[in-house]
Amino acid sequence: MPSREVPLSLLHERVNGWYAEAGRKHLPWREPDASPWGVFLSEVMSQQTPLARVEPIWREWMDRWPTPTDLAAAAPGDAVRAWGRLGYPRRALRLHEAATAMVERHGGEVPGSPADLLALPGVGAYTAAAVSCFAFGIPEVVVDTNVRRVLARTLEGKAFPNLTLNRAEAKLAAESMPAEPATANTWNVAVMELGALVCVARGPRCDECPVADLCAWNVAGRPAYDGPPRRGQSWHGTDRQVRGELLRRLRDAHTALPLSRLEDSADDRGQVMRCLDSLVADGLVEPLEGELYRLPG
DNA sequence: AAGACGTGGCC
DNA sequence: TGGCCAAGTCT
């Protein structure tokens with residue numbers, strides 16, 4: 001059990017101390033006056049998305065829909081259009097659905113309990129824990145890709161974590177948490193930040209790392225990853241690419257588009273129709289009479 | 001539980 | 001240049 005070799009209290013102290021000094025302080029959802037809704041929005045927008053791209057869209061959404069009630073009152077298509085090029089646009093739809101659920105079930109407020117959060121569309125284990133912790137000060141175990149990588153390196157001496165988060169890894173993350181709630185809350189954001197700025201996937205800056213001397217991976221000479229091949233994400237020619245192109249056209253059009261303006265979104269017309277159908281099935285596109293298509297009204 | 005799901009920057 | 005990766009979720 002490598003974790004036993006690393007003094008956790010020292011790890012906590014170093015990482016939290018580093019965060020206080022080097023953590024990004026300008027992020028708007030980290031301001032003391034940030035609302036739970038602002039935190040919630042930031043967490044969903046940040047799923048699989050670099051923060052630099054999130055911030056401008058987050059500001060637009062907060063100006064336009066400052067509360068769940070405001071978003072719930074909008075058309076879903078407005079949310080999809082305002083999502084712009086953030087990627088994974090189903091998140092915009094789910095945000096709209098989540099806002100509606102908050103109005104119906106939680107008096108228009110973001111719920112604070114992990115169970116209530118988990119029941120919302122688009123909210124999984126990570127987001128539920130993150131919102132509980134960052135917006136409500138509940139010291140849940142927050143495990144994202146950054147946390148997984150930092151723990152794999154510091155505690156397990158591995159370059160990267162497993163392909164999927166298993167029970168042993170979840171247990172390790174839970175056991176690595178500080179016992180004191182306030183320290184645990186800082187730890188959650190601090191480890192993520194360390195993974196995002198220093199302990200990055202490629203080209204980690206171990207010379208800047210506050211726990212380089214404690215890190216099992218660094219101490220072992222940073223051995224190369226030797227696990228099963230990590231699956232890549234294909235893109236060129238995939239349905240994802242075609243769906244993205246279709247949605248881009250519909251976003252930019254600001255009006256319903258005839259099929260003739262969509263069917264050349266890819267060389268293979270069959271693929272275009274398949275993708276259009278899937279977008280309709282997902283609720284991201286609404287078909288109208290006469291082969292017209294638009295974002296959902 | 002493996003694979004789908006957007007988009008763009010980086011080395 | 002192109003594969004890798006990014007504060008995951010859903011099926």
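Here is how names work: the chains are called A, B, and so on, in the same order as the sequence lines, proteins then strands, and each is numbered from 1. Quick caveat: nothing in here was measured; it's all calculated off a predicted structure.
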Task: Ring geometry between Trp37(A) and Phe40(A) (parallel below 30°, tilted from 30 to 60°, perpendicular above 60°) - done: parallel

When you get a sec, tell me which of [options] is the closest nucleotide to the side chain of [X]?
X	options	value
Gln233(A)	dC5(B), dA6(C), dA7(C)	dA6(C)
Arg230(A)	dA7(C), dT7(B), dC5(C)	dC5(C)
Trp29(A)	dG6(B), dC5(C), dA7(C)	dA7(C)
Phe160(A)	dG6(B), dA7(C), dC5(C)	dC5(C)
Asn146(A)	dG8(B), dA7(C), dG6(B)	dA7(C)
Arg30(A)	dC5(B), dT9(C), dA7(C)	dA7(C)
Arg231(A)	dT7(B), dG3(B), dG8(C)	dG3(B)

Task: Residue whose nearest DNA chain B nucleotide is more 5′ - Leu284(A) or Thr164(A) - done: Thr164(A)

With a 4.0 Å cut-off on heavy atoms, is [X] in touch with a base, just the backbone sugar-phosphate, or nothing at all?
X	result
Ala130(A)	nothing
Ala52(A)	nothing
Leu247(A)	nothing
Arg251(A)	sugar-phosphate
Asp282(A)	nothing
Gly87(A)	base
Pro89(A)	sugar-phosphate
Arg248(A)	nothing
Val147(A)	nothing
Arg53(A)	base
Leu86(A)	base

Polar side-chain contact [X]-[N] base: donor and acceptor under 3.5 Å:
X	N	value
Gln48(A)	dC5(B)	no
Arg240(A)	dT7(B)	no
Arg202(A)	dC5(C)	no

Task: Which atom of Ala82(A) lies closest to which atom of Ile57(A), heavy atoms considered - done: O-CG2, 3.7 Å

Open item on the list: Assuming nearest nucleotide by heavy-atom distance, tell me which of Gly122(A) and Val200(A) is located more 5' along DNA chain C.
Closed with: Val200(A)

Task: Distance, nearest 0.5 Å, that separates CG of Leu247(A) from OG of Ser265(A) - done: 10.5 Å

Task: Inter-residue atom distance Arg14(A).CZ - Thr154(A).OG1, 0.5 Å rounding - done: 12.0 Å

Separation of atom [atom1] in [X] from atom [atom2] in [N], rounded to whole Å:
X	N	atom1	atom2	result
Arg91(A)	dT7(B)	CZ	P	10 Å
Glu43(A)	dG8(C)	CD	P	9 Å
Arg90(A)	dG3(B)	CZ	C1'	12 Å
Gln241(A)	dG6(B)	CD	C1'	10 Å

Task: Side-chain touch Glu263(A)/Leu276(A), heavy atoms, less than 4.5 angstrom - done: no

Open item on the list: Ring of Tyr19(A), cation from Arg24(A) - is the NZ or CZ under 6.0 Å from the centre and inside 45° of the axis?
Closed with: no

